[in-house]
Amino acid sequence: MVTRSGQDYLESLRDGREVWLDGERVKDVTRHPAFRNTAGSVARLFDLAHDSAHTPVLTSDGVHRAYTIPRSYEDLVARRRAYKVWAEASFGFLGRTPDYMAGGAAGFAALPQVFTTESFDGAPNALAYHRRLAEGDLYPTFTITNPQIDRTRSASEQEEDDLVVRVVAERDGGIVVRGAKMIGTGAVFGNEVIVGTIEPLAPKDVEHAVCFSVPIDTPGLKFLSRTSYEAQARSVFDNPLSSRFDENDALLVCEDVFVPWENVLAYRNVDASFSMWWRTPAYVNFVHQAATRFWTKLEFLTGLAILITKANNTYELPPVTQAIGRLMGKVAQAKAFVLAAEASYENVEGGQGVRPGKEISYAQRIMAGELYPQAVQEIKMLAGGGVIQLPASGEDLLHPELGPLVKKYIRSPGHPAEDRIKLLKLAWDALGSEFAGRHEQYERFYHGAPHIYLVQQVWEGDTGACESLAQACLDGYTLKAGGGERPAL
């Protein structure tokens with residue numbers, strides 16, 4: 001087995017998939033100005049794995065390391081090093097790269113019996129899914145959240161029948177599904193999309209308790225893209241991040257999509273459709289990749305803060321140095337969660353291999369959602385007004401009349417205007433642009449709503465140890481006549 005080249009990957013996207021943007025169908029995402037640069041950035045990831053100095057880190061036995069089932073602590077470390085290489089290639093701004101769902105597929109394969117129920121045995125299909133992705137070096141994506149129509153009602157209680165993906169017919173060769181799912185982050189760049197529900201369903205929602213994976217070009221499958229920040233970008237100079245790393249988010253709509261039985265993982269079983277994410281290592285594998293990327297992203301943002309303060313000649317001022325210290329502390333926190341999750345690894349009970357420690361992995365979600373806005377706010381304060389008073393585009397620097405003015409007034413000692421503008425435009429793209437706003441929201445919610453993961457932390461955390469320690473203190477003294485004992489001095 002060998003991994004695909006970037007060109008192989010780009011060719012795979014020219015399959016007639018149905019992607020819609022601004023009321024028009026996109027004929028080719030590899031050439032359309034709303035998607036082509038990001039597709040190229042993903043292609044570069046494939047090239048890094050296929051044939052580069054990073055290939056030994058990124059692959060094992062001809063497949064990406066994210067597809068391997070880790071058998072030891074050392075395997076977890078090796079997988080994280082692979083995650084880190086790809087995360088650094090996009091400075092942490094591509095969240096749903098192919099290694100994300102690849103880790104999920106490996107999690108399924110580590111505990112396939114979760115997919116076996118009385119009415120349907122999806123275990124062979126889950127193993128085949130993992131094998132198909134790994135051997136084909138495919139880009140798997142997913143949509144596993146129900147549309148936000150009416151959160152007070154279960155999937156089967158919505159006003160209309162086809163708001164949430166459900167089974168509408170069975171055939172000899174498979175099932176027919178209809179409805180929608182969100183949020184398809186990166187889905188328009190994938191090869192396959194897995195459609196399911198990561199949130200718990202009510203027992204009566206059996207028609208919606210289905211999970212399957214189909215190629216992106218499957219007839220009846222539509223992707224409705226949000227605004228493209230890449231399309232709005234002026235140039236790489238003016239929008240260095242959004243012009244190249246806008247992985248996009250899309251609403252998935254199934255219009256009587258036929259799914260072969262061999263592509264169905266869970267079927268008409270609310271326990272299986274939920275447990276496939278939470279009982280297998282799939283979810284903690286997601287967190288392992290995401291935590292590594294988050295650590296990388298904070299490294300980038302902190303480095304940006306250092307460059308800005310040096311360009312402003314404020315780096316050595318005590319308040320600024322303290323602010324940089326706080327940012328460095330946040331980077332260390334992000335790194336510590338990754339290393340701690342690996343060090344607290346657990347055997348997959350009843351299955352194969354090991355997974356990162358669940359308690360630390362779930363805690364990382366809480367930390368990251370709170371830490372990211374703090375870091376962005378800190379860097380905004382360090383950048384000051386310079387990031388909002390910038391030339392409209394790099395063309396102003398090249399203009400015979402405007403260029404001299406720009407070079408005179410937008411500079412600092414040791415930092416010519418072009419270098420300063422380039423730095424501050426990067427900062428604004430990361431901190432204040434619409435692209436940046438989407439990333440702040442993404443870091444808060446891409447692992448799910450707080451009311452889900454905070455409760456999960458209670459279930460998985462060692463609440464007994466916390467309670468026992470507090471109780472031990474209470475048990476150490478009693479009320480006595482006269483007000484009790486006086487404390488010893």
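- The CG atom of L133 lies 4.5 Å from the OH atom of Y67; values are rounded to the nearest 0.5 Å.
- The environment of R81 atom CZ is sparse: at most 12 non-hydrogen atoms of other residues, nucleotides or ligands sit within 6.0 angstrom.
- A search for salt bridge (charged side-chain N to carboxylate O under 4.0 Å, His left out) contacts involving D246 returns R226, not counting sequence neighbours.
- The NE2 atom of H130 lies 5.5 Å from the CD1 atom of I69; values are rounded to the nearest 0.5 Å.
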Original post:
Can you check ring-ring contact (aromatic ring centres under 6.0 Å, His included) on F189 and Y139, steps first, answer last?
Top reply: CA-CA 8 Å; F189 302 107; Y139 184 169; 7.6 Å; no
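- Between D249 and T185, the side chains place a donor N or O and an acceptor N or O closer than 3.5 Å (distance only, hydrogens not considered).
- The minimum heavy-atom distance linking A340 with I360 is given by the pair CB-CG2, 3.9 Å.
- Among all heavy-atom pairs drawn from W261 and R171, the shortest one is NE1-O, 3.2 Å.
- Remark: the K425 side chain and the N239 side chain contain no N/O donor-acceptor pair separated by less than 3.5 Å.
- Both tests hold for R293 against Y446: distance to the six-membered ring centre under 6.0 Å, angle to the ring axis within 45°.
- Interatomic distance, CD of E230 versus CG of L241, reported as 12.5 Å (0.5 Å rounding).
- Using bins of under 30°, 30° to 60° and over 60° for the plane-to-plane angle, the ring pair F91/F245 lands in the perpendicular bin.
- Using a 3.5 Å distance cut-off with no hydrogens or angles, the side chains of T296 and E88 do not pair a donor with an acceptor.
- Closest heavy-atom contact between L45 and P98: CD1-CD, 4.4 Å.
- Checking side-chain atoms of D217 against main-chain N and O of G16 turns up no donor-acceptor pair under 3.5 Å.
- Under the 6.0 Å distance and 45° angle rule, K84 counts as a cation-pi partner of W295.
- Judged by distance alone, the side chain of R244 and the main-chain N or O of P240 form a donor-acceptor pair under 3.5 Å.
- Using modelled atom types, one side-chain atom of T68 and one backbone atom of R65 make a donor-acceptor pair closer than 3.5 Å.
- For the residue pair E18 and W20, a side-chain donor N or O sits within less than 3.5 Å of a side-chain acceptor on the partner.
- Using modelled atom types, no side-chain atom of E247 and backbone atom of T97 make a donor-acceptor pair closer than 3.5 Å.
- By the neighbour-count criterion of 12 heavy atoms within 6.0 Å, atom CG of D22 is sparsely surrounded, having that number or fewer from other residues, nucleotides or ligands.
- More than 12 non-hydrogen atoms from other residues, nucleotides or ligands lie less than 6.0 angstrom from CG of L426.
- When atom types are taken as modelled, the side chain of T55 and the backbone of A49 share a donor-acceptor pair closer than 3.5 angstrom.
- A donor-acceptor contact under 3.5 angstrom links the side chains of Y267 and E170, judged on distance only.
- Annotation: cation-pi geometry satisfied between R438 and Y442 (NZ/CZ under 6.0 angstrom from ring centroid, within 45° of ring axis).
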**OP:** Decide salt bridge (charged side-chain N to carboxylate O under 4.0 Å, His left out) for E11 and R14; before the verdict, give the C-alpha distance in whole Å, the side-chain angles of both, and the deciding distance to 0.1 Å.
**Re:** CA-CA 6 Å; E11 289 293 338; R14 302 184 182 113; 2.8 Å; yes
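- The aromatic rings of F93 and H439 lie perpendicular to each other, with more than 60° between the two planes, well past the 30° mark.
- Ring-plane geometry between F115 and F108 is classed as perpendicular, the angle between the planes exceeding 60 degrees on a 0 to 90 degree scale with a lower cut at 30.
- Of the possible donor and acceptor atoms, one in the side chain of D75 sits under 3.5 Å from a partner among the backbone N and O of R71.
- R79 and N285 share a donor-acceptor pair across their side chains, judged by distance under 3.5 Å alone.
- Distance CG/D429 to CG/L431: 9.5 Å, rounded to 0.5 Å.
- In this structure, E346 contributes its side chain and V354 its backbone to no donor-acceptor pair below 3.5 Å.
- Taking all atoms of both residues into account, the shortest heavy-atom contact from S12 to N191 is OG-ND2, 2.9 Å.
- For R44, the CZ atom is loosely surrounded, since the number of other residues' heavy atoms within 6.0 Å does not exceed 12.
- The shortest non-hydrogen separation linking Y83 to A66 is CE2-CB, 3.9 Å.
- Between the side chain of R4 and the backbone N or O of Y9 there is no donor-acceptor pair closer than 3.5 Å.
- A donor atom on one side chain and an acceptor atom on the other are found under 3.5 Å apart for Q289 and D99.
- Inspection of the D137 and T3 side chains reveals no N or O donor paired with an N or O acceptor under 3.5 Å.
- Judged purely by distance below 3.5 Å, without hydrogens or angles, the side chains of Y283 and R365 pair a donor atom with an acceptor atom.
- Remark: the backbone N or O of R166 is not paired with any side-chain donor or acceptor of R178 at under 3.5 angstrom.
- Nearest heavy-atom pair across R80 and H288 is CB-NE2, 3.6 Å.
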